[in-house]
Amino acid sequence: MDKKLYITTAIPYVNGTPHIGHALDYLLADIWARYQKQNGHEVRFQVGTDEHGNKIAAQAAEAGLDPKSYTDKMYVNFETLMKKVDASYTDFIRTTDEHHIKAVQYIWQKLQPYIYKGTYQGWYCVGCEAFVTDKEATANNGICPDHNQPYQHLSEDNYYFKTSEFTDRIKEAIASGTMEIVPDFRKKEFLELIKDGLQDVSISRPKKNLSWGVPVPGDLEQVMYVWVDALANYITVLGYPDRQEWQEYWPADVQVIGKDILRFHAGIWPAMLLGLGLSLPKRLLVHGFVNVGGVKQSKTLGNGIDPNEVINHYGVDAFRYFFSRHIPTLDDGDFTWEKFETAYNTELANDLGNVVQRVASMLTRYQSGVIGDAPQGEHDMGAYHEAMEALEFNKAIDEVWLMVRSLNQYLENVKPWEIAKTVGKDAESEPHLTEVLAYAVGALLQIGDLLVPFLPGTAAKIHQTFETGVVVPTEGVFFPRIYIHTPDPHATKTKV
RNA sequence: CGCGGGGUGGAGCAGUCUGGUCAGCUCGGAUGGCUCAUAACCAUCAGGUCGCAGGUUCAAAUCCUGCCCCCGCAACCA
């Protein structure tokens, strides 16, 4: 029961600013981490940034900085976001960390038996300093749209990693569930993709084409390409290979990734691990994308949603609420400001906030805030825990709202305010009222427990309010109603 | 015949594996009730031939066949 658990998130490339997708990564991992901690587990929770590569070098040059100074500036944006979504991470890794670089070079050497030198041929754009796929080259009629000049057919020396060698073992691990891919349709999709075998990947570039990266040990002319460098972070952050503690946490229990990077995490990464003689992660949680009004977010459309803005306006728990409940954990979801605000006002304010308020208010009013013996919440939460185990967080939090709803129905049924009127006239009334309100508090405390992984701040407030035996009023109401993007119903009424 | 997902009341979804108890939930709308509460809450109603066409069956949203439409992915893209 006190086993040490480990969860990881994808490390974003720091060439841009964080968006909803990154926030979703941190949030999902955090929900899982808090849930496991609540159940008595020790949890290590990794986050980090990917900081090498040509794009970084180019942007740094543009900004008149050396690459390291540039990333020193950029990674902070991500760190800020992690803190802002209340991610309870324990380890932050940057691929430019000294220990990481050394560890990656060690890994490279250990993978030697599976590394060979080859030649990469393809269409290359001098302006982009990058190869493009044959398909892309054809689609653009052989001319780079960004630089308006023809691609050149070039070849360069690369080191390759024999992922192909591990195809069978990886297929087996995925099919048997040793390395489980959640949801199931992603597993099917990936197995289909690799049915003809994994293809070896190029894992280095000549130094002249890639200056900002980890040097390949034993070959001054070559620099590591992203794969080995970035993927290795999941173990180097634990101290691999020199600090023994890594063994207590690896293999990871869950690795949270977006659907776009499944193939790397289910193909190249396991191959690396097998090459190193390490276990595969137990589960990959593959989440989807967040659309905006049914449209994919993109830079060109400029329709991206800044998670910081959401949190600034509505608070972090509101953010966590919407993205955990209304964006399906394992599938694509849709965000609009109207949907967000409606969920906030109806579900957080009217349902949850209000029920806390009405119970607290009745206790204060009828019993001077004194709470009787609050019974253990007796709601059956089997469905909640099942959903949490299955990594379907949205279904778990749905269950909590069923409880909120049924508590409101309960109050409507027993009508404590009616009972209060007969106190003093009927000897039964006083104990009955106390019992009813104590029951309501028991239900609220249970709701609070179940909300700990999702809305840690709100859960704490609920506990503070009720757990001492006397109501401790919080400052202001929970989730005051906000009308920025939806019409205020009273405003229209008073106008008329 | 590339792969995967999906088409259910105004909107967003569940139900399909294990046919009947399924036509369900939330939001929005209407009416009523209540007054402890953030003008909140509770109840009721409005009615969608469950993408289309066949088939199997006593019985199909649920199984089979064909077709139409939408969305992702298609390998070096973090």
Side-chain angles (χ1 to χ4, degrees), chain A residues 10-16 21-22 25 49-50 52-53 55 95 120 122 130-136 158 160 163 183-195 198-203 205 225-227 229-231 257-265 267-268 288-289 291 294 296 325-326 328 331-334 336 338-339 342-343 345-366 394-395 398 401-402 404-405 407-413 415-421 437 440 476-482 486 488-490 493-494:
Chain A
I11 54 172
Y13 200 49
V14 292
N15 69 332
H22 303 119
D25 252 30
T49 45
D50 176 19
H52 288 126
K55 278 185 196 161
T95 55
Y120 183 82
F131 283 93
V132 298
T133 59
D134 290 350
K135 203 147 205 171
E136 194 178 342
N158 286 181
Y160 279 80
T163 34
D184 208 56
F185 71 86
R186 296 282 174 217
K187 164 181 164 179
K188 263 165 60 185
E189 201 174 77
F190 186 73
L191 283 174
E192 187 62 40
L193 187 71
I194 63 166
K195 67 167 187 264
L198 288 160
Q199 221 174 65
D200 293 349
V201 286
S202 154
I203 52 170
R205 295 284 184 272
Y225 188 58
V226 61
W227 309 119
D229 178 17
L231 290 166
I257 56 175
K259 66 178 183 181
D260 54 330
I261 54 175
L262 171 62
R263 63 188 49 180
F264 314 129
H265 285 76
I268 301 172
F289 286 165
N291 295 321
K296 195 170 173 172
R325 186 170 185 206
H326 293 288
D331 212 339
D332 289 356
D334 195 47
T336 66
E338 291 75 18
K339 277 184 190 178
T342 300
N345 281 328
T346 60
E347 295 162 12
L348 285 174
N350 294 352
D351 292 341
L352 178 64
N354 179 57
V355 81
V356 168
Q357 185 76 8
R358 63 195 300 209
V359 171
S361 165
M362 284 189 279
L363 281 161
T364 306
R365 203 163 164 140
Y366 305 143
N394 57 312
K395 290 190 179 169
D398 270 346
W401 254 257
L402 284 180
V404 171
R405 184 164 282 269
L407 179 55
N408 269 322
Q409 288 166 341
Y410 170 79
L411 291 173
E412 214 63 42
N413 252 333
K415 299 181 176 56
W417 51 93
E418 292 286 340
I419 304 172
K421 286 180 190 162
L437 293 179
V477 297
F478 289 17
F479 308 110
R481 295 158 69 99
I482 296 174
T486 54
D488 181 345
H490 326 130
K493 268 181 192 167
T494 44

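First the proteins, then the strands, lettered A, B, ... as listed; each starts at 1.
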Side-chain N,O ([X]) to OP1/OP2 ([N]) below 4.0 Å:
{"X": "A:R481", "N": "B:rA40", "answer": "yes"}
{"X": "A:Q357", "N": "B:rC41", "answer": "no"}
{"X": "A:N413", "N": "B:rC42", "answer": "no"}

Using the [atom1] atom on both, measure [N] against [M] and round to a whole Å.
{"N": "B:rG29", "M": "B:rC73", "atom1": "P", "result": "36 Å"}
{"N": "B:rG4", "M": "B:rA39", "atom1": "C1'", "result": "48 Å"}
{"N": "B:rG51", "M": "B:rA75", "atom1": "C1'", "result": "34 Å"}
{"N": "B:rC58", "M": "B:rC68", "atom1": "C1'", "result": "32 Å"}
{"N": "B:rU18", "M": "B:rU8", "atom1": "P", "result": "24 Å"}
{"N": "B:rG24", "M": "B:rA46", "atom1": "P", "result": "11 Å"}
{"N": "B:rG19", "M": "B:rC64", "atom1": "C1'", "result": "13 Å"}
{"N": "B:rU65", "M": "B:rG5", "atom1": "P", "result": "15 Å"}

*For A:D50, all residues meeting side-chain hydrogen bond (donor to acceptor under 3.5 Å, both in side chains), sequence neighbours excluded*: none
*Looking at residues at least two apart in the chain, or sitting in another chain, which of them share a side-chain hydrogen bond (donor to acceptor under 3.5 Å, both in side chains) with A:D200?*
A:Y116, A:S164
Mind checking if [X] touches a base, just sugar-phosphate, or nothing, with heavy atoms under 4.0 Å?
{"X": "A:P12", "answer": "sugar-phosphate"}
{"X": "A:N354", "answer": "base"}
{"X": "A:D200", "answer": "base"}
{"X": "A:A230", "answer": "nothing"}
{"X": "A:R263", "answer": "base"}

So, the side chain of [X] versus the backbone of [Y]: is there a donor-acceptor pair under 3.5 Å, distance only?
{"X": "A:N15", "Y": "A:K55", "answer": "no"}
{"X": "A:T49", "Y": "A:P12", "answer": "no"}
{"X": "A:D25", "Y": "A:A10", "answer": "yes"}

Can you measure [X] atom [atom1] to [N] atom [atom2] for me and round it to whole angstrom units?
{"X": "A:L437", "N": "B:rA37", "atom1": "CG", "atom2": "P", "value": "13 Å"}
{"X": "A:Q409", "N": "B:rC25", "atom1": "CD", "atom2": "C1'", "value": "13 Å"}
{"X": "A:R205", "N": "B:rC76", "atom1": "CZ", "atom2": "C1'", "value": "7 Å"}
{"X": "A:N291", "N": "B:rG72", "atom1": "CG", "atom2": "P", "value": "8 Å"}
{"X": "A:N350", "N": "B:rA39", "atom1": "CG", "atom2": "P", "value": "9 Å"}
{"X": "A:H265", "N": "B:rC76", "atom1": "NE2", "atom2": "P", "value": "17 Å"}
{"X": "A:Y160", "N": "B:rA75", "atom1": "OH", "atom2": "P", "value": "15 Å"}
{"X": "A:D260", "N": "B:rC76", "atom1": "CG", "atom2": "C1'", "value": "14 Å"}

*Represent RNA chain B in dot-bracket notation, 5' to 3'. Only Watson-Crick or G-U wobble pairs with both distances under 3.5 Å count; pseudoknot-style crossings use [ ] and interstrand partners use |.*
.(((((((.[[[[.)....(...]]]].(((((.......))))).....[[[[[..)....]]]]])))))).....
*Of all residues at least two apart in sequence or in a different chain, which pass the side chain to side chain contact (heavy atoms under 4.5 Å, CB included) check with A:K339?*
A:F322, A:D334, A:T336
*Let me know, please, whether A:Y225 or A:V404 comes out on the 5' side of the other along RNA chain B by nearest nucleotide.*
A:V404
*Residue whose nearest RNA chain B nucleotide is more 5′ - A:V201 or A:L352*: A:L352
*Taking side chain as C-beta onward, heavy atoms only, is A:D351 less than 4.5 Å from A:T346?*
no
*asked:* Between A:K415 and A:I419, does the side-chain contact (heavy atoms from CB on, under 4.5 Å) criterion hold? Intermediate values first, please.
replied: CA-CA 7 Å; A:K415 299 181 176 56; A:I419 304 172; 5.8 Å; no
*Quick check: are there more than 12 heavy atoms from other residues, nucleotides or ligands sitting under 6.0 Å from NZ of A:K395?*
no
*For each nucleotide in nucleotides 26-35 of chain B, reading 5' to 3', give B when a protein heavy atom comes within less than 4.0 Å of its base, S when such contact involves only the sugar-phosphate, and - otherwise.*
SSS----BSS
*Going 5' to 3' through nucleotides 3-17 of chain B, assign each nucleotide B (protein heavy atom under 4.0 Å from a base atom), S (under 4.0 Å only from sugar-phosphate atoms) or - (no protein heavy atom that close).*
SSS------------
*Can you tell me how far the CG atom of A:L262 sits from the NE2 atom of A:H265, to the nearest 0.5 Å?*
9.0 Å
_Between A:R405 and A:E412 (salt bridge meaning N to carboxylate O under 4.0 Å), is one present in this structure?_
no
*Evaluate the criterion salt bridge (charged side-chain N to carboxylate O under 4.0 Å, His left out) for residue pair A:E189 and A:K195; output intermediate values, then yes/no.*
CA-CA 10 Å; A:E189 201 174 77; A:K195 67 167 187 264; over 6 Å; no
*List the steps, then state whether salt bridge (charged side-chain N to carboxylate O under 4.0 Å, His left out) holds for A:E347 with A:R325.*
CA-CA 11 Å; A:E347 295 162 12; A:R325 186 170 185 206; 3.4 Å; yes
*Given A:T486, A:N345, A:D488, the one that forms side-chain contact (heavy atoms from CB on, under 4.5 Å) with A:R481*: A:N345
